[in-house]
Amino acid sequence: NARPLLDGHVDIASLEEFHQHCTLEGFTFDYVLDRAVGVWQLCQMALAAGRAGRSMTDGRRGAVIDRWDKTAVQMITPSNSWNWQSSRSFRKRLHALRVRFVDADNNFDSGAELLVFNDGYDKSNATFMESIEFPGVTSSANIWKLGRYYLGQLELRPEIYSCSMDLEHMAFSRGDL
């Protein structure tokens, strides 16, 4: 990297937490770097392989893990916000995800494919599928975990909320509830 970040610009604690999370869940990132990829883009792919995303808190870059066990840190109300909007996606329910990946269990076969079925579907009745890739994920078990996670997101997080707030009213950052 021609312009590495200074230690003060990296949230080491969040990256250590991400490492522990990946170790506990068995997530790995085995991406073969065979083309020019920006460092930030490569970080994004590695974080996505462990169900996390990029964060920037107090000018420091780090990781934010999607977890269900968080405690709410702030309520957004008419007193501290305005211009409240929401939109909901009414998509047809996917029956399965078709995931192409490089299979480490099969001599790193680059043409491997795994069907990750939604609840109530299997090979005999699944007709509505979409394709997705998880770069760097080479384990069929992790492909299945990530596929189920994304199917769950489509079903359980169909709404997008937005509002306007003054900066002095924001007591949360990305990943907080």
Side-chain angles (χ1 to χ4, degrees), residues 1-5 9-57 60-70 88-160 174-175:
N1 183 8
R3 296 181 317 219
L5 294 175
H9 293 164
V10 179
D11 184 357
I12 299 294
S14 74
L15 295 177
E16 288 174 345
E17 180 185 5
F18 176 66
H19 177 264
Q20 291 172 355
H21 165 75
C22 288
T23 301
L24 181 68
E25 296 289 332
F27 291 125
T28 60
F29 182 67
D30 304 315
Y31 187 74
V32 175
L33 198 55
D34 59 354
R35 59 185 170 88
V37 177
V39 173
W40 202 231
Q41 183 183 4
L42 190 60
C43 288
Q44 185 173 343
M45 288 190 292
L47 291 167
R51 290 196 325 223
R54 301 179 302 184
S55 71
M56 173 98 74
T57 305
R60 296 179 304 147
R61 292 180 170 103
V64 58
I65 303 166
D66 189 5
R67 297 193 175 197
W68 59 270
D69 59 349
K70 294 200 175 203
R88 182 176 179 97
S89 174
F90 292 99
R91 295 176 43 117
K92 182 179 174 186
R93 185 171 191 236
L94 276 179
H95 299 175
L97 288 174
R98 182 182 309 275
V99 187
R100 292 202 56 195
F101 68 106
V102 176
D103 190 358
D105 298 330
N106 195 11
N107 201 25
F108 291 93
D109 176 19
S110 61
E113 184 175 273
L114 182 69
L115 292 175
V116 181
F117 295 102
N118 212 337
D119 292 338
Y121 295 96
D122 57 28
K123 279 186 175 181
S124 67
N125 62 355
T127 58
F128 182 55
M129 300 178 209
E130 287 190 12
S131 296
I132 190 170
E133 291 184 12
F134 301 115
V137 181
T138 59
S139 158
S140 58
N142 286 344
I143 290 290
W144 183 84
K145 279 188 211 178
L146 290 169
R148 290 291 298 173
Y149 169 76
Y150 279 90
L151 285 170
Q153 289 230 33
L154 286 171
E155 195 156 325
L156 301 174
R157 294 179 175 171
E159 294 176 285
I160 297 174
R174 183 171 186 220

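We use all heavy atoms of the structure for the numbers below, so side chains are in, but hydrogens, waters and symmetry mates are not.
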Could you go through Leu114 and Phe101, starting from their C-alpha distance and side-chain angles, then the distance that decides it, and tell me whether this counts as side-chain contact (heavy atoms from CB on, under 4.5 Å)? CA-CA 8 Å; Leu114 182 69; Phe101 68 106; 3.8 Å; yes
Can you tell me which residue among Glu113, Glu133, Glu130 is in a side chain to side chain donor-acceptor pair (under 3.5 Å) with Arg98? Glu113
Set out, in order, the CA-CA distance, both residues' side-chain angles and the distance that settles side-chain contact (heavy atoms from CB on, under 4.5 Å) for Leu15 and Val10, then state yes or no. CA-CA 9 Å; Leu15 295 177; Val10 179; 3.6 Å; yes
For residues 106-133, pull every pair meeting ring pair (Phe, Tyr, Trp, His ring centres under 6.0 Å), keeping only residues two or more places apart or in separate chains. His95-Tyr121
Counting only heavy atoms not in Ile160, do more than 12 sit closer than 6.0 Å to its CD1 atom? no
When rounded to the nearest 0.5 Å, the distance separating CG of Leu94 from CG of Asn118 is 7.0 Å
Where at least one partner belongs to residues 140-153, residue pairs that pass side chain to side chain donor-acceptor pair (under 3.5 Å), sequence neighbours excluded: Asp66-Tyr149, Asp119-Arg148, Tyr149-Gln153, Gln153-Arg157
In this structure, CD of Glu17 is separated from CG of Asp11 (nearest 0.5 Å) by 9.0 Å
Minimum heavy-atom distance between Cys22 and Gly50, given as atom pair plus value: SG-CA, 4.0 Å
To check you understand the geometry: which heavy-atom pair defines the closest contact between Gly62 and Ser14, and what is its length? CA-OG, 3.3 Å
Correct closest heavy-atom pair for Gly111 and Arg100 would be CA-NH2, 3.4 Å
What are the two closest non-hydrogen atoms of Leu47 and Ala63, and how far apart are they? CD2-CB, 3.5 Å
With sequence neighbours left out, which residue pairs that include part of residues 29-49 fulfil the ring pair (Phe, Tyr, Trp, His ring centres under 6.0 Å) condition? Phe29-Tyr31
To the nearest 0.5 Å, what is the distance between OG1 (Thr138) and CG (Asp103)? 8.0 Å
When every non-hydrogen atom of Ala52 is compared with those of Phe18, the smallest separation belongs to CB-CE1, 3.5 Å
Could you give the distance from CZ (Arg51) to CG (Leu146), rounded to the nearest 0.5 Å? 7.0 Å
Begin from the C-alpha positions of Glu155 and Arg93 and carry the test side-chain contact (heavy atoms from CB on, under 4.5 Å) through to its verdict. CA-CA 8 Å; Glu155 195 156 325; Arg93 185 171 191 236; 2.9 Å; yes
